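This structure is a prediction, so every number in the text was calculated from the model and none was measured.
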There are 2 protein chains.
Amino acid sequence: MHEGCTVYQTTQYLTKKWALLVLFELYKGGDDYTRRFSELKESLAGITSKVLSQRLKELEEEGLVGRRVDAEHFPVKSEYFLTEAGLGLIDVIKHLKQWALTYKIDNIDCGNQNCKDCIL
Amino acid sequence: MHEGCTVYQTTQYLTKKWALLVLFELYKGGDDYTRRFSELKESLAGITSKVLSQRLKELEEEGLVGRRVDAEHFPVKSEYFLTEAGLGLIDVIKHLKQWALTYKIDNIDCGNQNCKDCIL
DNA sequence: CGGTATCCTTTCGGATACTG
DNA sequence: CAGTATCCGAAAGGATACCG
């Protein structure tokens, strides 16, 4: 087993609380996979600013999420979006969904392979 | 997003410390994907009995790992092995490895798609 | 051999308050 | 609006000892 393997590291920050949900919330963000901080916070019922901020920072450092800030005006406007790598990871999780549909009979299948709501 | 979704739950116990390593150690266990408790403990340098025992119990409850016990003789002999579902999950993680090879340039690729050592 | 029990440290995340 | 700072409780994991 190689030291510091990327896959293992990936699983470590992806499985922190809210991380996957944040990713999927961006995925649901329309054609550009973009959401604002406040939108994410509203959609993810129960998440605190602190944790949302932490997760976004981690995901950004890992290259899964990008960030655009408009500091020209007030209030500041900042947008988060899925990068190509982040989008690629969504595909991996779709494989995981297929696995779950095969071996975990209690899983709910909405019938739509690309459903963005029940991919998780 | 469906409540209690299996994929999300899966990520929660798979990302506990040592869980993936235990799974891959079994995967490396030969044609029958079987290892004994003490073998696992030796291979996973640094893991404690307590944690190994916990992880195995969780993975067994989730149906990824099976267990055979021979309590007839002393000392007791117990074997753990990958179930079909567990093996299916290995495939999912191979997809994750491909993702990492594409987007994480610092990942080490030994060149063998099915390499059991550096899949992680 | 294959674990369990206990204690202890560290980490994580929730609550709340505050700021440019 | 988009965060940061501080404090606190819960949970996870490591160290060590013990048992059938």
Are OP1 or OP2 of D:dC1 and a side-chain N or O of A:Arg36 less than 4.0 angstrom apart? no

Residue list, side chain to side chain contact (heavy atoms under 4.5 Å, CB included) with B:Thr15, at least two apart or on another chain: A:Thr11, A:Thr15

Check whether any side-chain heavy atom of B:Cys5 sits under 4.5 Å from a side-chain heavy atom of A:Lys97, and report yes or no. no

Which other residues end up in the same hydrophobic cluster as A:Leu101, if Ile, Leu, Val, Met, Phe, Trp and Tyr are linked when side-chain heavy atoms come under 4.5 Å apart? none

State whether B:Tyr80 places a side-chain N or O below 4.0 Å from either non-bridging phosphate oxygen (OP1 or OP2) of C:dC1. no

Tell me: CZ of A:Arg35 to P of D:dA2, nearest whole Å? 13 Å

Measure the distance from CD on A:Gln12 to P on C:dT11 and round it to the nearest whole Å. 14 Å

Among all residues two or more places apart in sequence or in another chain, which pass the side chain to side chain contact (heavy atoms under 4.5 Å, CB included) test with B:Lys94? B:Tyr27, B:Ile90, B:Asp91, B:Asn114, B:Ile119

B/S/- along nucleotides 5-20 of chain D (protein heavy atoms under 4.0 Å) is -BB-----BBB-----

Rounded to the Å, how far apart are A:Leu14 CG and C:dC12 P? 15 Å

Members sharing B:Val69's hydrophobic cluster (side chains within less than 4.5 Å): B:Val76

Can you tell me the distance, in whole Å, between the NZ atom of A:Lys41 and the P atom of D:dG3? 12 Å

Could you state the atom-to-atom distance from CD of A:Glu79 to C1' of D:dA2 in whole Å? 13 Å

Can you sort out the partners of B:Ser53 under side chain to side chain contact (heavy atoms under 4.5 Å, CB included), two or more places apart, ordered by chain and number? B:Phe37

Spacing between A:Phe37 atom CZ and C:dT19 atom C1', to the nearest angstrom: 14 Å

Which residues pass the side chain to side chain contact (heavy atoms under 4.5 Å, CB included) test with B:Glu39, not counting sequence neighbours? B:Arg35, B:Arg36

Can you check the A:Lys77 NZ to D:dG3 C1' distance for me, whole Å? 17 Å

Which residue pairs pass the salt bridge (charged side-chain N to carboxylate O under 4.0 Å, His left out) test with at least one member in residues 72-89 of chain A, sequence neighbours excluded? A:Arg68-A:Glu79

Is there a side-chain polar atom (N or O) of B:Arg67 under 4.0 Å from OP1 or OP2 of C:dG3? yes

To the nearest 10 degrees, the angle between the two end axes of the helix from C:dC1-D:dG20 to C:dG20-D:dC1 (five pairs per end) comes to 50°

Please report the distance, rounded to the nearest Å, between CG in A:Leu52 and P in C:dA15. 15 Å

Can you check whether A:Leu26 reaches A:Leu40 side chain to side chain, under 4.5 Å on heavy atoms? yes

